[in-house]
Colleague: 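Quick one: the structure is below, questions incoming.
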Amino acid sequence: MLRDTFDEAAELYERARPRYPRSLLAGLARQAGIGPGSRVLEIGPGTGKLTVDLAESGCRITAVELGPALAAVARQRLRGHPSATVVVADFERWELPAEPFDAVVCATAFHWIDPALRVVKAARALRPGGCLALVTTHHVAGGTGEFFERSQRCYERWDPATPPGLRLVPESETATDNRELTESPDFGDVTVTGHPQEITYPTDAYLDLLLTYSNHRALDPAARRGLLSCIRELIDTRHGGSVTKRYLHELITTRRTGAAPPTGAHAPLHPG
């Protein structure tokens with residue numbers, strides 16, 4: 001499965017993938033109502049890109065990660081946070097504990113979970129009034145726009161699955177389909193907030209980033225080498241050795257039906 005490819009490059013994933021913006025972390029704390037002492041279940045933490053911020057806010061975290069190598073990196077990063085536990089398991093088959101959670105969080109991984117189970121099991125994991133918080137990441141128009149248009153020629157040459165004329169779309173045309181939440185009898189109103197960020201990558205760092213994407217890792221080795229060589233030449237010869245990439249992170253929150261949401265505010269999460 002494509003989702004298994006991430007475990008092959010755990011250290012690279014930790015080094016190359018971006019952390020989440022401060023605004024998203026503050027919004028998560030506010031909208032989910034979590035802070036010191038909150039019981040949080042995180043699905044698919046990877047190397048702990050979000051987990052560390054949750055732990056630093058004082059949350060008590062159980063993080064369920066499929067990949068043992070990714071989990072090992074997450075545990076290393078969480079050494080100073082004894083209230084955070086990383087479990088190696090397939091979430092679909094993992095047995096939920098008897099005590100429900102205050103929040104279930106999943107950052108850039110919910111789409112990998114079996115759609116027949118993910119919303120239902122997340123609901124079962126939550127206390128009434130508990131929050132399901134999902135983060136999705138979109139690659140959107142912006143940054144070094146000309147590079148992303150030119151790089152499509154590299155993809156069209158080396159990856160036969162690339163649709164011709166594919167282009168990044170602006171944030172205004174980007175949205176996650178949340179019907180599985182809005183149509184679920186287990187959850188109430190859905191709130192979506194957008195949190196953009198731009199990151200500038202030198203050539204090698206950008207190529208490392210590409211090697212953390214499942215579709216790039218799944219390419220035939222010769223095609224992958226050809227693609228990366230083509231992109232390297234483009235960045236170095238046409239863009240001065242670096243490019244800027246724009247992301248849009250969506251924070252999607254909804255509450256388990258059955259009780260009113262908790263009152264009171266918690267301190268916002270801050271990246272370390």
Side-chain angles (χ1 to χ4, degrees), residues 1-7 10 13 17-21 24-25 27-29 31-32 34 38-54 59 61-67 70-71 74 86-96 100-127 130-140 174-197 212-215 247-257 269:
M1 294 176 62
L2 281 178
R3 72 177 187 175
D4 297 329
T5 63
F6 300 113
D7 204 53
Y13 188 100
R17 285 291 183 103
R19 295 184 72 175
Y20 295 102
L24 185 148
L25 300 171
L28 174 58
Q31 290 167 228
I34 56 176
S38 298
R39 295 187 71 249
V40 177
L41 170 63
E42 185 179 6
I43 305 169
T47 61
K49 290 290 181 181
L50 181 62
T51 324
V52 172
D53 294 311
L54 290 169
C59 293
I61 306 158
T62 300
V64 180
E65 171 53 52
L66 177 67
L70 291 166
V86 181
V87 178
V88 177
D90 183 333
F91 175 71
E92 291 92 333
R93 295 177 176 84
W94 182 64
E95 185 174 350
L96 293 172
F101 293 90
D102 299 310
V104 172
V105 176
C106 185
T108 320
F110 207 60
H111 59 288
W112 293 114
I113 308 300
D114 184 348
L117 295 173
R118 58 196 180 197
V119 173
V120 173
K121 191 162 185 178
R124 285 176 50 215
L126 285 165
R127 62 168 175 79
C131 182
L132 172 62
L134 308 177
V135 179
T136 62
T137 298
H138 304 280
H139 309 287
V140 295
T174 301
T176 302
D177 184 350
N178 293 314
R179 281 178 295 178
E180 65 179 331
L181 298 179
T182 58
E183 295 174 1
S184 169
D186 296 318
F187 290 101
D189 293 340
V190 176
T191 300
V192 181
T193 56
H195 304 269
Q197 70 170 328
T212 69
Y213 295 147
S214 59
N215 57 339
Y247 301 87
L248 175 65
H249 306 282
E250 285 185 317
L251 174 61
I252 304 159
T253 57
T254 184
R255 289 196 174 274
R256 179 76 162 87
T257 55
L269 303 175

Colleague: Nearest 0.5 Å, please: how far is OG1 in T176 from NE2 in H138?
Modeller: 3.0 Å

Colleague: Pair T137, Y20 - check side-chain hydrogen bond (donor to acceptor under 3.5 Å, both in side chains), show working.
Modeller: CA-CA 10 Å; T137 298; Y20 295 102; 4.6 Å; no

Colleague: Less than 4.5 Å apart, side chain to side chain, heavy atoms only: is that true for P18 and Q197?
Modeller: yes

Colleague: Regarding E180 and R118, does a basic nitrogen lie under 4.0 Å from an acidic carboxylate oxygen?
Modeller: yes

Colleague: Taking it one step at a time, do H195 and L251 satisfy side-chain contact (heavy atoms from CB on, under 4.5 Å)?
Modeller: CA-CA 8 Å; H195 304 269; L251 174 61; 4.1 Å; yes

Colleague: Mind checking whether F101 and L132 have side chains closer than 4.5 Å, heavy atoms only?
Modeller: no

Colleague: Test W94 against V88 for side-chain contact (heavy atoms from CB on, under 4.5 Å), laying out the working first.
Modeller: CA-CA 9 Å; W94 182 64; V88 177; over 6 Å; no

Colleague: Can you tell me how far CD1 of I61 sits from CD of E42, rounded to the nearest 0.5 angstrom?
Modeller: 7.0 Å

Colleague: So, for A74 and G48, which heavy atoms are closest and what is the spacing to 0.1 Å?
Modeller: CB-N, 4.0 Å

Colleague: With a 4.5 Å limit on heavy-atom distance, are the side chains of T193 and E250 in contact?
Modeller: no

Colleague: Output the distance between atom CG (L25) and atom CZ (R19), rounded to the nearest 0.5 Å.
Modeller: 8.0 Å

Colleague: Kindly indicate whether the side chain of T136, heavy atoms from C-beta on, has any atom under 4.5 Å from the side chain of H249.
Modeller: no

Colleague: Hey, does N178 have a side-chain heavy atom less than 4.5 Å from the side chain of V192?
Modeller: yes

Colleague: I need the minimum non-hydrogen distance between V86 and A71, along with the two atoms involved.
Modeller: CG1-CB, 3.7 Å

Colleague: Treating R39 as the side-chain partner and A103 as the backbone partner, does any N or O pair qualify as donor plus acceptor under 3.5 Å?
Modeller: no

Colleague: To check you understand the geometry: which heavy-atom pair defines the closest contact between L126 and P100, and what is its length?
Modeller: C-CB, 3.7 Å

Colleague: Any chance you could measure L248, atom CG, to T174, atom OG1, to the nearest 0.5 Å?
Modeller: 6.0 Å

Colleague: Y247 and H139: ring pair (Phe, Tyr, Trp, His ring centres under 6.0 Å), yes or no, with the steps?
Modeller: CA-CA 5 Å; Y247 301 87; H139 309 287; 5.8 Å; yes

Colleague: Report yes if the side chains of V105 and L134 come closer than 4.5 Å at any heavy-atom pair, otherwise no.
Modeller: no

Colleague: Determine, for D114 against K121, whether the closest basic-nitrogen to carboxylate-oxygen distance falls under 4.0 angstrom.
Modeller: no

Colleague: Indicate yes or no: at least one non-hydrogen side-chain atom of T254 is less than 4.5 angstrom from one of D189.
Modeller: no

Colleague: Please lay out, stage by stage, how E92 and I113 fare under the test side-chain contact (heavy atoms from CB on, under 4.5 Å).
Modeller: CA-CA 7 Å; E92 291 92 333; I113 308 300; 3.6 Å; yes

Colleague: Just by modelled atom types, is the R179 backbone N or O under 3.5 Å from a matching donor or acceptor in the T182 side chain?
Modeller: yes

Colleague: What is the minimum heavy-atom distance between T47 and A10, and which atoms define it?
Modeller: CG2-O, 3.5 Å

Colleague: Run the numbers on I43 and V104 for side-chain contact (heavy atoms from CB on, under 4.5 Å), then give the verdict.
Modeller: CA-CA 7 Å; I43 305 169; V104 172; 3.6 Å; yes

Colleague: How close do V64 and A89 get, counting heavy atoms only, and between which atoms?
Modeller: CG1-O, 3.7 Å

Colleague: For the CG atom of L117 and the CZ atom of F91, what is their distance to the nearest 0.5 Å?
Modeller: 8.5 Å

Colleague: For P185 and T257, work out which heavy atoms get closest and say how close.
Modeller: O-OG1, 3.5 Å

Colleague: Rounded to the nearest 0.5 Å, what separates atom CZ in R255 from atom CD in Q31?
Modeller: 9.5 Å

Colleague: Does the side chain of T191 reach to within under 4.5 Å of the side chain of I252, using non-hydrogen atoms?
Modeller: no

Colleague: Could you check whether any side-chain N or O of R256 sits under 3.5 Å from a backbone N or O of G130, counting only pairs where one atom can act as donor and the other as acceptor?
Modeller: no

